[in-house]
Amino acid sequence: MTGLGDQNRPRLIVDCDPGQDDAVALVVAGHYGELIGITTVGGNAPLADVTRNALLTCQLFGLDVPVYVGQARPLEAEPLHAPEIHGASGFDGPSLPELTKEPEATHAVEYLIETVRSEEGLWLIPIGPATNIATALRRAPDLADRLAGISFMGGSALGGNRTAAAEFNALADPEALAVVLECGAEIRMCGLDLTSQLVVDDALVADIRALTGTEAGRPVNPGAGVVADLFTSYLDRVEAIGGRRIGGLHDPCAVLAATHPELFDMVERPVGVELRGALTRGMTVVDTRFRRSALDTGIPWDDAGVFHPVRHCARLDAGEVRRLVVNALDELGSHARA
Ligand code: RIB
Ligand code: CA
């Protein structure tokens, strides 16, 4: 069986740590791909919180997709969270419905190994620390050859957000990202240099809030209302930190790089992740000196074996990507009954 579902929609497994941008990524994946499974990983908030948030997102948007709980801790680092961005719960801001959806009993890593071994051509979409994916690849290196690819949100070619050098997902588990980069599958990288081109601002919040309403006394698209409240709360925190109500809509980019690659400028370049630097641990180094042709001609670009060919997504069609995101929230949310 190939990884192409109905109408040639790629079959996806999203590995996430919701967070508001993860929630939108799940909706985008459910609308434009065949989202066959969701795995959760400790990241923006502790594992129990991000798992609850993933389950709530499925409820709010009618995503009938199994959720598998993964690793609470990185491969080697201490757990790192982002309450300053997502709030302590990972979903601070909106009032949320009662949780009714349950996670599956199978551990996320076992699910990943079993599922990729049973079906060729799947896309893995890690949008949090890459701990689950790396753990599965370490236990089953054969998975890499069976995948259509790994499209991840993480790293950056132009400086970090959690430190001056490192982006949050990469810094939270740099050892895991190194495992992913060297695994041999096709890797598509959506780093901050790309995802900052897809802007979260009050205009986007207004467009999303406009998807909600009431019909015959019943709320229409309550999920969009929750996303609008999550984004408003996010912008309030970002404004308190940096003085501006603007942020990047990071995680949906990794999904769309798999479902709509035509909207992205991708260049295969050597990429590595720093594991030891006192100032630079978790920094991703994107060697923009080379293009694929150079990689093939034996130029000595990697003496230490720490750089790996990665499809670096450098540019995106922001207008079309923004339209696709709002459309997915509208289409899925308006048919859901939370
Ligand atoms: O740096 C942005 C990334 O960190 C996103 O995946 C966001 O959800 C957080 O996990
Ligand atoms: Ca995330």
Side-chain angles (χ1 to χ4, degrees), residues 12-29 38-47 49-54 56-57 67 70-72 74 77 79-93 108 124-133 150-174 176-177 180 188-200 227 230-231 233-235 237-238 241-242 246-258 273 281-284 313 316 325:
L12 315 172
I13 297 174
V14 174
D15 184 69
C16 59
D17 63 334
Q20 87 279 354
D21 57 329
D22 301 72
V24 175
L26 290 175
V27 175
V28 169
I38 296 168
T39 52
T40 61
V41 63
N44 285 321
L47 182 61
D49 293 297
V50 300
T51 300
R52 184 198 60 244
N53 298 341
L56 281 170
T57 302
V67 175
Q71 302 291 82
L80 186 65
H81 303 312
E84 76 281 2
I85 300 295
H86 299 273
S89 73
F91 255 24
D92 281 19
L124 299 186
I125 317 283
I127 53 176
T131 317
N132 288 337
I133 309 299
I150 298 175
S151 179
F152 77 97
M153 193 281 138
S156 172
L158 297 171
N161 56 1
R162 185 54 181 251
T163 71
E167 177 276 328
F168 175 82
N169 290 338
L171 179 63
D173 199 341
L177 182 55
V180 170
R188 294 180 183 175
M189 172 181 175
C190 295
L192 293 177
D193 51 304
L194 176 86
T195 62
S196 58
Q197 297 168 41
L198 183 59
V199 166
V200 179
V227 169
L230 285 169
F231 280 179
S233 176
Y234 164 60
L235 291 174
R237 285 190 288 273
V238 166
I241 296 170
I246 189 166
L249 185 44
H250 308 293
D251 291 340
C253 295
V255 175
L256 291 166
V273 56
R281 176 168 161 81
M283 177 179 182
T284 52
C313 297
L316 56 71
V325 167

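In listed order, ligands and their atoms are each counted from 1. This one's a predicted model, so the numbers in the text were calculated from it and none came from an experiment.
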_Expected output: side-chain Gln197 to main-chain Leu316 donor-acceptor under 3.5 Å_ = yes

_the Ca ion (ligand 2) - closest N/O/S atom in Asp251_ = OD2

_side-chain contact (heavy atoms from CB on, under 4.5 Å) evaluation trace for Thr163 with Leu171_ = CA-CA 8 Å; Thr163 71; Leu171 179 63; 3.7 Å; yes

*Can a donor-acceptor pair be found between the side chains of Ser233 and Asp92 at a distance below 3.5 Å?*
no

*Side-chain heavy-atom pair Ile125, Phe152 within 4.5 angstrom cut-off*: no

_Contact partition for Asn161 relative to ligand 1, non-hydrogen atoms under 4.0 Å_ = side chain

_Close N or O approach (Gly128, ligand 1; < 3.5 Å)_ = no

_I need the atoms of ligand 1 closer than 4.0 Å to a non-hydrogen atom of His250, numbered in the order shown._
2 (C)

*For His86, the option from Asn53, Asp17, Asn44 that meets side chain to side chain donor-acceptor pair (under 3.5 Å)*: Asn44

*Can you name the nearest heavy-atom pair linking Gly282 to Pro174, along with the distance?*
CA-CB, 4.1 Å

*Under 3.0 Å from the Ca ion (ligand 2), is there an N/O/S atom belonging to Asp22?*
yes

*Looking at Glu167, which atoms of ligand 1 are within less than 4.0 Å of one of its heavy atoms?*
1 (O), 2 (C), 3 (C), 4 (O)

*Considering the heavy atoms of Met153, write down every atom of ligand 1 situated less than 4.0 Å from one of them.*
2 (C), 3 (C), 5 (C), 6 (O)

*Will you find, in the side chains of Asp21 and His250, an N or O donor that is under 3.5 Å from an N or O acceptor?*
no

*Can you sort out which atoms of ligand 1 are near Asp22, meaning under 4.0 Å from one of its heavy atoms?*
8 (O)

*Among Asp17, Asp21, Leu80, which one has a heavy atom closest to atom 7 (C) of ligand 1?*
Asp21

*Can you find a side-chain donor-acceptor pair between Ser89 and Asp49 that sits under 3.5 Å?*
no

*Quick one: look up the protein heavy atom nearest atom 6 (O) of ligand 1 and list residue, atom name and how far away it is.*
Asp251 OD1, 2.6 Å

_Metal-centred angle, the Ca ion (ligand 2) as apex - O of Ile127, OD1 of Asp17, 10° resolution_ = 90°

*Side chain or backbone of Asn44 under 4.0 Å from ligand 1, or both, or neither, by non-hydrogen atoms?*
side chain

